[in-house]
Amino acid sequence: MVKAVVIITVSDTCSKDHSKDESGPALCQLVKEKFPDAYIHTIIVPDEKEIIERELKYFCDSKIDLILTTGGTGLSSRDVTPEATKAVIQREVPAIPIAMTLESLKKTPMAMLSRATAGIRDKTLIINFPGSKKAVVECIEVVKPVLSHAVSLLANDLAEVRVVHDQMQHTCTHSKVSVGKVALRHRESPYPMLDMAEAFNIVDAVMMQWTEGIEEVPIEDSMGRVAALPIHAKEPMPPFPASVKDGYACLSWDGVGLRKVRSAVTAGDTPAAILSSGECARVNTGAPIPSGADCVVQVEDTKLVKATEDNETELEIEVLVPPQPHQDVRPIGFDIPLGAVLLEKGDIIDAAKVGILAGAGYLTVPVRSCPKVAILSTGNELQEPSEEILRPSHIRDSNRIMLKMLLREQGYESTDYGIARDEPAELASAIARALPTCDILVCTGGVSMGERDLLKPVLANDFGATIHFGRVRMKPGKPSTFATCVYEGKTKFIFALPGNPVSAYVCSLLFVVRALRQCTRYTSEFARMRVRLGREVKLDPRPEYARAVLQFPETGELPIATLLGNQCSSRLLSACGASVLLELPGSNKDRVSLPADTVVSALVTGKIDLTRP
Ligand SMILES: Nc1nc2c(c(=O)[nH]1)N[C@H]1C(S)=C(S)[C@@H](COP(=O)(O)OP(=O)(O)OC[C@H]3O[C@@H](n4cnc5c(N)ncnc54)[C@H](O)[C@@H]3O)O[C@H]1N2
Ligand code: MOO
Ligand SMILES: [Mg+2]
């Protein structure tokens, strides 16, 4: 990690008038952007070899990670920065100035006249940059990708070095796919259009290749997970006969009448006395029943007869209602007998089950392990949502975060792999970065008919992937793609979903969540319910999954479904607050719409909010 950087402007002019320095501040700004947490120090020195040398040595001895100089690298007699640098470094890093020169030569042949050098003194990397602001900006772009790693290597920061090496290992710089001549592209998709049922069957069958594992997780992390083994009660609950009421433990066969109050037992106390006929013990709800007693008479069914003078202790009471044997006593194991099944294999763990486990003394629980999911967006038009300025013809990436949240809503975590541009090598590189860490890769964009829709060929050609399907008769989601490949000896499952946000949303629910459920639960289907259409709905030729909310009539009739506005695949507002996906049939010549009141089936994919209209 780069912790401290010194920027030295070398210039006779700027050393006399600091306001003339443009490249130092530019360099400073660029370094700040790259290493926002680093300490940055700037100085300006004249073109004097001894002074430059002295400053370089001073900062190297101060254990600065990186020293960047600007200026004094040209051919004039006063340009001595490379000489001063060479005098202090112990080892040269010649490829750095070569890389900078190669890049600068693309802009100007004057780059040939830079004598910049780079090298190492102890654990400090020194790099000379030319003096002009423009050149500095160009050259820092060239070296930026290696600075952090170079500093980690010098500092012997093995953890950081390993991360970068791992990334490098999985970075492809080439793809077997070329963008190709657009005029020769397919004019008809080569992928057959599958019906939903076929696509689901394929997902279910292929996901069988995921081999079930078991992991032991703390109970507080087990919500929504599926028990992998049955769990039995190690103790009965309650572990002692407990009172259900605040009242008096009595002998039922004494019937109504007077009782001497022998003792008082509150919850947590251990009763000492054994009760005999004509006696009782004051007990609270949850307190153990003393030996001898077989029932509890609630305080409401008694009358005080005698108490101590200070009223601190009851001495005698009268039972007013004849008690039944065992009334208001929870016998041992009443709630949970010893050895009872607390969790069946396959049970989904919810809040109550976590309570049961805690009550039974289980701190961890064995659950089915869950595939690791990676999410990747693709598209030249995409920008990070955090970028301040939206560039012309660009949009912010909404799919990645939306899918992460959607999966979380369904109980699954995922890792973000950023945005890859629609370039074969970039796509291959991003996929190769994600695959080693995940079991399921979810990509969006680039799967339809455009010349930049390259995901299918990259998967097939660069990863030897089998495309199980590449088109499905559904709306939204027509170009939905499901593939598998073997990467580093393990099968990876890849869902390449259409880029349109609603398509990505619906297809994640229908295919990705299905796959995850298949792996982690014993059923993959969402619950289905019958609902009544509130209004007439036009049908698409493809079966459609329309996002809708439900209203529950008070009479107990079927819920009324209302579509969430325009169902266009790009309009994510149509999924906001959706409780269900209506399963609308495709249109045909006899049926182009469904009238209001038609009963249709709906998949319960969201929360059913009773308060929504
Ligand atoms: N000639 C044809 N064109 C299209 C067809 C077709 O069958 N023939 N299918 C259409 C259908 S249906 C869909 S769905 C889309 C799918 O397109 P792609 O998967 O190739 O996705 P892109 O072209 O990359 O993007 C489509 C759309 O989505 C926007 N997008 C992409 N990624 C994101 C993101 N991360 N966040 C927000 N928005 C995103 C992108 O800008 C495009 O507007 O193809 C039709 N075309
Ligand atoms: O199938 Mo696309 O997903 O309609 O828009
Ligand atoms: Mg496209």
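Whatever order the structure lists ligands and atoms in, that order sets their numbers, starting from 1. All heavy atoms count here, side chains included; hydrogens, waters and symmetry mates do not.
- If you number the atoms of ligand 1 from 1 as listed, the ones under 4.0 Å from a heavy atom of Ser377 come out as 35 (N).
- Between Phe469 and Phe511, the ring center distance clears the sub-6.0 Å criterion.
- Only the side chain of Asp453 comes within 4.0 Å of ligand 1, judged by heavy-atom distances.
- What sits closest to atom 8 (N) of ligand 1 on the protein, heavy atoms only, is Met449 CG, 3.5 Å.
- With rounding to the nearest 0.5 angstrom, the CZ atom of Arg421 is 11.5 Å from the OG1 atom of Thr378.
- Around the Mg ion (ligand 3), the protein atoms of type N, O or S that sit closer than 2.8 Å are Asp453 OD1, Asp453 OD2.
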For this session: Decide side-chain contact (heavy atoms from CB on, under 4.5 Å) for Tyr412 and Arg517; before the verdict, give the C-alpha distance in whole Å, the side-chain angles of both, and the deciding distance to 0.1 Å.
Result: CA-CA 9 Å; Tyr412 302 101; Arg517 286 180 167 215; 3.6 Å; yes
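- For the residue pair Lys538 and Ser593, no side-chain donor N or O sits within less than 3.5 Å of a side-chain acceptor on the partner.
- Considering CG of Asp597 and CG of Leu558, their distance stands at 10.0 Å, rounded to 0.5 Å.
- By the 6.0 Å and 45° rule, Arg433 does not stack over the aromatic ring of Tyr417.
- Given atom 37 (C) of ligand 1, the protein heavy atom at minimum distance is Ser398 OG, 3.3 Å.
- Those atoms of ligand 1 with a heavy atom of Gly445 less than 4.0 angstrom away are 19 (O), 21 (O), 24 (O).
- Aromatic ring orientation, His468 versus Phe482: tilted (interplanar angle from 30° to 60°).
- The closest donor-acceptor contact from the side chain of Lys176 to the backbone of Asp462 lies at 3.5 Å or more, if one exists at all.
- Taking a cut-off of under 4.0 Å to the non-hydrogen atoms of Asp397, the atoms of ligand 1 that pass are 34 (C), 35 (N), 36 (N).
- In this structure, Ser503 has a heavy atom closer than 4.0 Å to ligand 1.
- Atom 33 (C) of ligand 1 has Asn399 ND2, 3.3 Å as its closest protein atom, hydrogens excluded (heavy atom only).
- Looking at Val447 next to ligand 1, an N or O pair under 3.5 Å apart turns up.
- Counting only N and O atoms by type, the side chains of Ser369 and Glu215 include no donor and acceptor under 3.5 Å apart.
- Counting only heavy atoms of the protein, atom 7 (O) of ligand 1 lies nearest to Lys478 NZ, 2.9 Å.
- Here the CE-NZ distance, from Met474 to Lys478, works out to 12.0 Å after rounding to the nearest 0.5 Å.
- Classification of Lys3 and Asp65 as a salt-bridged pair fails, no side-chain N sitting under 4.0 Å from a carboxylate O.
- For the residues Pro479, Pro498, Ser569, the heavy atom positioned nearest atom 11 (C) of ligand 1 is part of Pro479.
- With hydrogens and angles ignored, the 3.5 Å screen pairs no side-chain donor or acceptor of Arg396 with any backbone N or O of Ser386.
- Residue contacts with ligand 1, taken as heavy atom pairs separated by less than 4.0 Å, involve Ile395 solely via side-chain atoms from C-beta onward.
- The number of heavy atoms from other shown groups lying within 6.0 Å of CZ (Arg535) does not exceed 12.
- By the criterion of a heavy-atom distance under 4.0 Å, neither the backbone nor the side chain of Asp422 is placed next to ligand 1.
- Judged by distance alone, with hydrogens and angles left aside, the side-chain atoms of Arg547 form a donor-acceptor pair with the main-chain N or O of Tyr545 at under 3.5 Å.
- For atom 27 (C) of ligand 1, the closest non-hydrogen atom on the protein side is Asn500 OD1, 3.3 Å.
- At a 4.0 Å heavy-atom cut-off, ligand 1 touches Glu381 through the side chain alone.
- For Gly499, a nitrogen or oxygen atom sits less than 3.5 Å from a nitrogen or oxygen atom of ligand 1, counting backbone and side chain alike.
- Rounded to the nearest 0.5 Å, atoms CG (Leu533) and OG1 (Thr562) are 9.5 Å apart.
- Residue Gly446 has at least one nitrogen or oxygen atom sitting less than 3.5 Å from a nitrogen or oxygen atom of ligand 1, judged on distance alone.
- By the criterion of a heavy-atom distance under 4.0 Å, both the backbone and the side chain of Ser448 are placed next to ligand 1.
- Under a 3.5 Å cut-off, the side chain of Asn201 and the backbone N or O of Glu198 do not form any donor-acceptor pair.
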For this session: Output, in order, the C-alpha distance, side-chain angles, deciding distance and verdict of side-chain contact (heavy atoms from CB on, under 4.5 Å) for Arg368 and Arg521.
Result: CA-CA 8 Å; Arg368 285 191 80 174; Arg521 300 187 175 184; 5.6 Å; no
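- Only side-chain heavy atoms of Pro501 come within less than 4.0 Å of ligand 1; its backbone N, CA, C and O stay farther off.
- Note that CZ of Arg400 and OG of Ser377 are 5.5 Å apart. Values are rounded to the nearest 0.5 Å.
- Ordered by chain and residue number, the residues placing a heavy atom less than 4.0 Å from ligand 2 are Pro476, Gly477, Lys478, Asn500, Ser503, Arg542, Ser569.
- In summary, Glu387 and Arg391 engage in a salt bridge, as defined by a charged side-chain N under 4.0 Å from a carboxylate O.
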